[in-house]
Structures are given as structure tokens and as C-alpha cells.
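Report on the following structure.
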Amino acid sequence: PMYNGYLKEKRDVAVLRNKIRTDYEKIRIFEIIKSFNSGLPESEERKVSVLIFNLGLKYNINPALILAVIRVESSFKNFSRSDVGAVGLMQIRPGTGLYLIKKYHIKSKRFHYNTRYIEYLPATYLYNPSLNIKIGARYLLSLLYEFKDLKLALFAYNVGPTMAYKDLRLSEAGGGYRDLSFNISESTNRLFSDFYYGYYSRVKKYLASYDREIFKDGGNSNDSYYRY
């Protein structure tokens with residue numbers, strides 16, 4: 001009985017330590033978001049912080065990667081809109097958002113739509129930060145699975161999968177989609193060069209920075225827990 005009590009106490013301590021660590025990691029995510037002018041009330045920023053952490057667990061993606069993509073896409077400005085109609089924190093186009101909602105049955109507590117029958121997604125829905133991040137994180141996960149490479153997945157997120165397939169030759173020989181070659185086209189080389197030295201290098205920089213900031217006490221960032 002004493003030994004069983006000892007084991008239970010040890011498990012309880014481990015659970016408590018894990019809760020304290022995860023609570024601190026959520027706080028650090030919140031502090032990163034709070035350092036920008038998101039246009040959201042603090043209560044919403046806290047909800048977003050928890051959501052990003054939980055999506056990291058659900059999809060086995062480092063939450064620092066989600067934050068890094070948000071930083072590059074919108075600088076954490078919730079109400080941003082691009083010239084091509086991409087909206088919100090993760091810059092989702094309504095057509096892309098609708099497709100992902102239907103395909104992956106992404107639900108929203110704010111908007112009561114049926115994921116099977118919804119045929120139109122108003123752009124205003126994408127200003128809801130929770131829905132925007134749910135869609136963006138699931139989109140990123142699908143691209144990581146499809147391209148099996150962070151660089152190529154981010155390229156597809158940046159320019160669109162159709163453009164990525166058009167402008168890159170992907171060979172399944174050996175390393176799957178990791179074997180990359182360019183089409184013999186100046187515009188293609190320029191497109192990927194702009195991505196690599198602009199978008200990609202910035203995402204990688206912020207990913208490393210946020211990873212250190214969130215997991216500065218030696219958390220899970222270097223474990224196999226997170227794929228990217």
C-alpha cells in the first residue's frame with residue numbers, strides 16, 4: 001500500500017508539473033500576440049492563445065510555426081485584408097475557407113452553419129480569429145502532409161497549391177516531394193526566389209524565435225512531440 005501511494009503521489013506531481021508547464025506556454029503565446037496591435041480585445045487574444053496551443057497538440061504542429069505564419073501573413077492584425085482578398089490573421093480567401101470547412105468539417109461556435117451544406121462563406125466570417133486560425137492551421141497541416149516538406153508546404157501556402165504544382169517540378173523518386181527542381185523559366189525561378197529569400201526566411205526566423213520564447217524552459221520543442 002505504501003508503494004502504491006508513492007506511485008500515485010509521483011503521478012500526481014508529474015501531472016501538476018505538466019499543467020504548470022503548459023499554462024506557462026499558453027501565457028507565452030499570449031504575450032507574443034499581446035505585443036502586437038491585433039485589434040482584438042484582450043479576452044479574445046487569450047482565447048486565441050489557448051486555441052493555437054491546442055491546435056498544436058491536435059495536429060502535432062509546433063504552435064510557434066502557427067504564430068510565425070500569422071506574423072508573416074498579417075503581422076497579427078486581425079482585420080487585415082490583402083489585395084487578392086485574403087482575410088484575417090492567417091490570410092484566408094473565402095473560397096479556400098469554404099473548401100476547407102466542407103472538406104474537414106471545421107465548425108464555429110460563433111457561426112451556426114452546416115459543414116456539409118454550406119455553399120457560401122462571407123469574408124466577414126474570416127475576421128473571427130478562432131475560425132480563421134482553425135482554417136489556417138488545418139490548411140497548413142494538409143499542405144505539410146501533401147508536400148512532406150516544410151519549405152514546399154509554406155510555398156504552397158504562400159502562392160497556392162495550384163501555382164506551386166505549376167511552378168515546381170516535384171519528383172517522387174527517392175525522397176518523395178523533397179526532390180525539387182525548377183521549371184526552366186525565369187519567372188518561376190524569380191517566384192520561388194522571392195518566396196525563399198522573403199516569405200520563407202521570415203517564417204523560419206520567427207519560428208526559431210517563437211520556439212525559444214515559448215519553450216525557453218526546455219519544453220517539447222526539441223522532442224518528437226511536434227513534427228515541425
Side-chain angles (χ1 to χ4, degrees), residues 10-80 87-92 97 100-101 104-111 125-145 150 153-154 157 202-228:
K10 190 174 180 180
R11 285 195 298 269
D12 290 344
V13 169
V15 169
L16 181 59
R17 284 178 176 172
N18 184 64
K19 184 180 185 308
I20 292 171
R21 177 179 57 78
T22 56
D23 284 347
Y24 271 115
E25 288 165 3
K26 290 173 186 177
I27 289 170
R28 288 167 188 152
I29 293 172
F30 167 71
E31 288 172 346
I32 290 169
I33 296 171
K34 187 67 179 171
S35 67
F36 292 85
N37 182 18
S38 70
L40 295 169
E42 183 175 310
S43 59
E44 197 68 38
E45 290 178 332
R46 290 188 182 277
K47 290 179 184 177
V48 165
S49 305
V50 174
L51 176 63
I52 290 172
F53 181 87
N54 290 339
L55 288 173
L57 293 179
K58 181 178 180 179
Y59 295 144
N60 195 24
I61 295 176
N62 191 333
L65 176 59
I66 300 173
L67 287 169
V69 171
I70 293 173
R71 171 72 182 271
V72 174
E73 288 285 347
S74 67
S75 296
F76 292 94
K77 295 177 181 175
N78 184 69
F79 299 100
S80 59
V87 173
L89 290 171
M90 297 193 75
Q91 290 291 279
I92 307 297
L100 293 166
I101 283 173
Y104 298 113
H105 306 290
I106 300 171
K107 297 180 180 179
S108 168
K109 292 181 180 179
R110 174 76 179 275
F111 308 110
Y125 279 27
L126 294 170
Y127 289 122
N128 177 268
S130 295
L131 179 59
N132 190 287
I133 292 171
K134 283 181 182 179
I135 294 171
R138 189 61 185 83
Y139 186 32
L140 185 58
L141 177 68
S142 70
L143 295 173
L144 288 167
Y145 274 127
L150 179 59
L154 289 171
Y157 193 100
R202 292 176 65 208
V203 170
K204 289 285 284 184
K205 179 179 73 172
Y206 296 132
L207 169 57
S209 173
Y210 294 152
D211 183 78
R212 287 192 301 269
E213 196 166 339
I214 296 168
F215 303 107
K216 56 187 173 185
D217 293 334
N220 285 327
S221 65
N222 294 320
D223 296 342
S224 59
Y225 194 80
Y226 291 122
R227 185 181 295 105
Y228 300 98

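All values reported here derive from a predicted model rather than from experimental measurement.
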Distance in Å, Arg21 CZ paired with Lys26 NZ, rounded so as to fall on 0.5 Å steps: 10.5 Å
Considering all heavy atoms, the nearest Pro63-Ile29 contact: CB-CD1, 4.0 Å
Is a side-chain N or O of Ser75 found less than 3.5 angstrom from the main chain of Lys77, in a donor-acceptor match? no
Mind listing the closest non-hydrogen atom pair of Gly56 and Ile66 along with its distance? N-CD1, 4.4 Å
Heavy-atom closest contact (Phe79 atom, Gly39 atom, distance): CE1-O, 3.5 Å
Hey, which of Leu57, Leu51, Val50 is the one that makes side-chain contact (heavy atoms from CB on, under 4.5 Å) with Phe53? Leu57
Arg28 CZ to Arg212 CZ distance, which is reported to the nearest 0.5 Å: 14.0 Å
Could you walk me through whether Leu126 and Ile135 pass side-chain contact (heavy atoms from CB on, under 4.5 Å), step by step? CA-CA 9 Å; Leu126 294 170; Ile135 294 171; 3.7 Å; yes
Are the side chains of Ile61 and Leu55 in touch, meaning some heavy atoms are under 4.5 Å apart? no
Nearest-0.5 Å distance, CG of residue Leu131 to CD1 of residue Ile92: 9.0 Å
Is a side-chain donor or acceptor of Asn132 paired with a backbone partner of Tyr127 at a separation under 3.5 angstrom? no
How close do Glu44 and Ser130 get, heavy atom to heavy atom, and via which atoms? OE2-OG, 4.1 Å
Would you compute the distance between atom CZ of Phe111 and atom CG of Asn128 and round it to the nearest 0.5 angstrom? 4.5 Å
Within the 4.5 Å heavy-atom criterion, are Leu65 and Leu150 side-chain neighbours or not? yes
Report the residues that fulfil side chain to side chain contact (heavy atoms under 4.5 Å, CB included) with Arg138, sequence neighbours left out, ordered by chain and then residue number. Tyr59, Tyr104, Ile106, Leu141, Ser142
With respect to Pro129, which candidate in Leu89, Ile52, Ile70 satisfies the side-chain contact (heavy atoms from CB on, under 4.5 Å) definition? Leu89
What one should report as the nearest heavy-atom pair of Val69 and Tyr157 is CG1-CE2, 3.9 Å
Rounded at 0.5 Å granularity, tell me how far CZ in Phe76 sits from CZ in Arg71. 7.0 Å
Hits for side chain to side chain contact (heavy atoms under 4.5 Å, CB included) against Arg17, two or more places apart or cross-chain, chain-then-number order -> Val13
Salt bridge (charged side-chain N to carboxylate O under 4.0 Å, His left out) with Glu45: which residues, sequence neighbours excluded? Lys34
Of the non-hydrogen atoms in Ser49 and Ile33, which two are nearest, and what is the gap between them? OG-CD1, 3.6 Å
What's the spacing between Tyr210 OH and Lys205 NZ if we round to 0.5 Å? 9.0 Å
Min side-chain heavy-atom separation Glu213-Ile32 under 4.5 Å: yes
